[in-house]
Every structure is written in C-alpha cells, then in structure tokens.
There are 2 protein chains.
Amino acid sequence: MDETATETAGRKRPIRGKSNTQHAVEVLKNLILENRLASGSNHLESELAEMLGMSRTPIREATLILEAQGLVEVKPRHGVRVLALSSEDMAEIYDVLTELESLSAELAARKKHPSGEFHPAEQAIQKMDDALNAGDLEAWANADELFHSELVRLGGNRRIGNICRMYGDQVRRARKVTLHLRPKPTKSNDAHRDVLQAIRNGEAEQARKIHRDHRVQAKLMLVSLLEQYGFHTV
Amino acid sequence: MDETATETAGRKRPIRGKSNTQHAVEVLKNLILENRLASGSNHLESELAEMLGMSRTPIREATLILEAQGLVEVKPRHGVRVLALSSEDMAEIYDVLTELESLSAELAARKKHPSGEFHPAEQAIQKMDDALNAGDLEAWANADELFHSELVRLGGNRRIGNICRMYGDQVRRARKVTLHLRPKPTKSNDAHRDVLQAIRNGEAEQARKIHRDHRVQAKLMLVSLLEQYGFHTV
DNA sequence: TAATTTTTTAATGTATACGTAATTTCGTGA
DNA sequence: TCACGAAATTACGTATACATTAAAAAATTA
C-alpha cells in the first residue's frame, strides 16, 4: 500500500516532457490496437482513470482525441465505446487509402527529388525482402507499413499524410487478424519496387496505376479474408 | 458588474441539451471561418474562456477537437494558434477532395439506388441554377456545397464523408476570399448535371472522370486566384 | 553596455469538488 | 406478474484550486 501511495503521488507530474493526456492517448491506443480493450466494450471514465493511474481530466481529453481519430465513441452515460471494425469498415478504409496513396505516387513522380530522397523507401523494400526470406511476417508487415508511409511522404501532401497515418492505425488492427491467414505477400514487394521505379522515371500515370492496382488487389484479398473469418475478433 | 456576475453564474449549465464543450467548438469554429479569429493569432485558454463565458475546462476540450480537425494548433505556453491557410494548403486540400469525391462518384454509379435517392442532388443543382440566374453567389456556393456533400453521401463511404466534411470547413474559409473574384461558375452546374446523369446510368468510370476534371479545373482556378491575391486575409 | 543569472509572473496540466441529470433500483398498485 | 412511478445512485460536465514550469523581467556582473 505504501509504495502505491507514493507512486500515485509521484505520478502527478508527467515522467518526462509528456503530458498525462498524451500518455493516455498512447496507452489507450495501444490497448485498442492490441485488442486488449475489446471492440464494443464500454469503459467509464473513472475506470480508465484508475487503470492508468491518473484523474479523469486527462482521460477525458485523451478520449476526445481518440474519438476524433475514429477509434472510440464517447457516449455520455455509457462510457467510452471502442469501435468495432467490420469488414465493411475495412473496405471503406482501404478505398480511402488506395485513392490517396495512389495520388501520392503520382505526385511523387511529378516532383524533382534531391538525391538520396528515395533511400528510406529502398531500405523499406529491402527489409520486406529480407523479412519474407526469413519468413518473418511481422517484420514484413512493419516494413510494408514503412514503405507506404514513405510513399505518402514522397508525395508531399501533408494532409494525405495525416489521413493515412490515422487509418494506418486501424489497418494495423485488422492486420493482427489477417496477417497469418493471407497468402505469402510475394507480389507486394515487386509492386512496390515497380512504383518506386516509375516515380524515379517521372512516369506519373504509370506510378499511380501500379500502386492503385496493387492496393485494389490487397483490398479484395483482405476483405474476403475478413468476411470469411468473421472478423468478430477485432 | 452585477449583471456580469449573474450571467456567469447562470451559464453553469448548458442552455439546451448542448454541452459547453460542443457549444465552444461551434462558436470557435464560426469565429475562425468568419475570420474573426485571425490566422496566426494566438489566444490563451483563459482569454477564450472569458470570451465565451465559461471556464477553461470546456475550452480546453473544444480546442483539442478543433486541433484534431486541423483548424488550430495548441502550443503549450503560447495559446491556441489559428492555423493560416496558404495557397499551398488549399492545393493540398483540393487534391484530397478531388480524389475522394471522384471516387465517391464512381462508387455511387456502381450502386443501385432506391428511387428518389437522387432528389436532394437534383434539388441542389436546381438551386445552383436559380442562384446563378439571380446573381446570388453566396446562395450558389451553398448549393454547390450541398451538391458535393450529396455526391459523397451517394458514394456511401462514411469515412470519405467525414474527411470531406472536415476539409469542407476550410474550403468555405477560402471561399470567403475567392467567391467574388472568380469568374461566374456557369460550367460547374453543367458538370454537376453530367456527373449525376452518369451516376444514374451506372457509368462509373465516366462519372469519376467528369467530376475529377471539374475538380481539377476548380483547383487550378482557385489556387491561382489565391496566389494572385496573396491570401493574407485568410 | 551586453551577457548572464536570478526573480517574478502567469499559463498550463492535473486533481478535485460538486450540481445535474440519466439510469437504475425499489416500491406500489393493478 | 407486470407496469408504472418515485427514490436512490452515479457518471458526467463544469468550475475551481493548485503545483509546476516556461517565459518574461529584473538585477547583477564583467
């Protein structure tokens, strides 16, 4: 009990440069993405506050932020509800990502890039190859994610960056379910390599088309997997 | 002084079913869109709190929401900064809207719609015609906005709806500046009519292309206007 | 005077108190 | 037993207090 009291007292000020609100956002987001706060479950502010060892104030602020990001819904007397992700939801999200990432590929191809600008994207592809050879799907997924965010960065539209980052969280959530059900993603690496080459060559329409086709394929596969396996786990 | 005290005390509970936080979001958003909180200006929480006659708590919550919507930036000791909208920002926003609305047109064309589903969109076009004949640009802009949101609704992707609604606010902000500088938008009405017809006919690619071209034109016109006139007013 | 340190100020982040209203529980009557 | 209404509970929205710390101001020194 003693140490608990001390801890609680000590936790008043944030550990290091990070407000309790920010901390709560991170922790709650992780809990949701890890599926440790189940979809559809309701949680009272006071419950979350106690769970994270802080008062309701930063919790409220955090839930507002998470609500704006579409991860939870705040229902006045019913607590914070973690939003479920149906296969329809994922289809919607994939459509948005497909569109905006393809546009990013096009935009990236139209721009002049300083040398070395493509290095992170190349590295991501390399990591994907390595991970695939090693049979490490988690590593592959991380590298894949990295490539997609690089693509968006190269496109240079920061708003697209924000949107894709936001929905990226949700895709990660679904990926937990699908990653080990899907066929080995050998074609992804090729597609990514091709997009990058098209961007380098300044072939805007081509870059867009390649990425778009790749994304459309990925969506079809993912959504059918989710429908097949019910997706009640997410 | 007396009445001030009474007012402050009375404002404790929200006027009508709407929390102070929600109220603050609305009021602040309007102030920003009306350009009565200038871009780049910083405002302390306490200042806004006093301005709206409530305590800092709901103001803080409101600013977090507005921050998530990209209207302001909360900088710890410098207050709430209203984000400026440069012509580059508008270009970014237009690119996103172009892409997502065009996709919506495509999606709408692929779907079966119950009869009467197109009624609101038709009405919006009619209003645009009327407004244009009457020379009422504000009315035209409102009807135009309505059509765009209808288009997105017909597409059926709720996430696109959220994104477009969000950026719609910012477009409205810029429109304040450009509406009376741009040439009369006679072609818009035709384009809208054509999209709607294509959707009706189930011509998905066609619908997408028409709307896309229209949007690209609009973007070029708008961005060049903004560059020309500096846009320092927004 | 300019630079640097100290002091002061004040805005924020957080906890907490409390009134309000929604929900639930309980009790009453049909 | 069920429906309905009253009382009790309690989660939330908001105000407020307060400690922390960044920024500004003042003072000291070179």
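We name chains A, B, ... by the order of the sequence lines, and we start the count at 1 in each one. Worth knowing before you read on, the calculation uses all heavy atoms, side chains too, and leaves out hydrogens, waters and symmetry mates.
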Inset, instruction - Can you tell me the distance, in whole Å, between the CZ atom of A:Arg56 and the P atom of C:dG13? - result: 19 Å

Inset, instruction - Look only at the side chain of A:Arg175 and the backbone of A:Ala141, and say whether a donor-acceptor pair between them is shorter than 3.5 Å. - result: yes

Inset, instruction - Taking atom types as modelled, find out whether A:Glu26 and A:Asn30 have a side-chain donor-acceptor pair closer than 3.5 angstrom. - result: no

Legend entry - Whole-Å gap separating C1' (C:dT14) and NE2 (A:His23): 15 Å

Legend entry - Side-chain-base donor-acceptor pair under 3.5 Å for B:Thr57 and D:dT16: yes

Inset, instruction - Measure from CD on B:Glu47 to P on C:dA10 and round the result to the nearest Å. - result: 15 Å

Inset, instruction - Examine A:His78 together with A:His43 and report whether their ring centres are nearer than 6.0 Å. - result: no

Inset, instruction - To the nearest 0.5 angstrom, please state how far the CD1 atom of A:Ile93 sits from the CG atom of A:Asp169. - result: 10.0 Å

Inset, instruction - Verify the ring-centre separation between A:His148 and A:His211: is it less than 6.0 angstrom? - result: yes

Inset, instruction - Determine whether more than 12 heavy atoms belonging to other residues, nucleotides or ligands lie under 6.0 Å from atom CD of B:Glu47. - result: yes

Legend entry - Distance, rounded to the nearest Å, where A:Ile59 contributes CD1 and C:dT16 contributes P: 14 Å

Inset, instruction - Give the rounded distance in Å between these two atoms: CE of A:Met54 and P of D:dA19. - result: 20 Å

Legend entry - base_contact_polar (D:dA11 base, A:Ser46 side chain, donor-acceptor, <3.5 Å): no

Inset, instruction - Send over the distance from B:Arg60 CZ to D:dA15 P, rounded to a whole Å. - result: 14 Å

Inset, instruction - For the pair B:His113 (side chain) and B:Ala108 (backbone), establish whether a donor and an acceptor sit closer than 3.5 Å, ignoring hydrogens and angles. - result: yes

Inset, instruction - Round to the nearest Å and state the distance from A:Lys18 atom NZ to C:dT14 atom P. - result: 12 Å

Give me the distances for all protein-to-nucleotides 22-26 of chain C N/O pairs that come in under 3.5 Å?
from: C:dT23; atom 1: OP1; to: A:His78; atom 2: NE2; distance (Å): 3.3

Inset, instruction - Using the closest heavy atom to pick a nucleotide of DNA chain C for each, name whichever of A:Ser55 or B:Lys75 lands nearer the 5' end. - result: B:Lys75

Inset, instruction - Return the value, rounded to whole Å, for the distance between atom CG of B:Asn20 and atom P of D:dT14. - result: 4 Å

Inset, instruction - Check every atom of C:dT12, D:dA15, D:dG13 against the side chain of B:Leu44 and return the nucleotide holding the closest atom. - result: C:dT12

Inset, instruction - Identify which nucleotide among D:dA11, D:dG13, C:dA15 has an atom closest to any side-chain atom of B:Ser19, counting heavy atoms from C-beta outward. - result: D:dG13

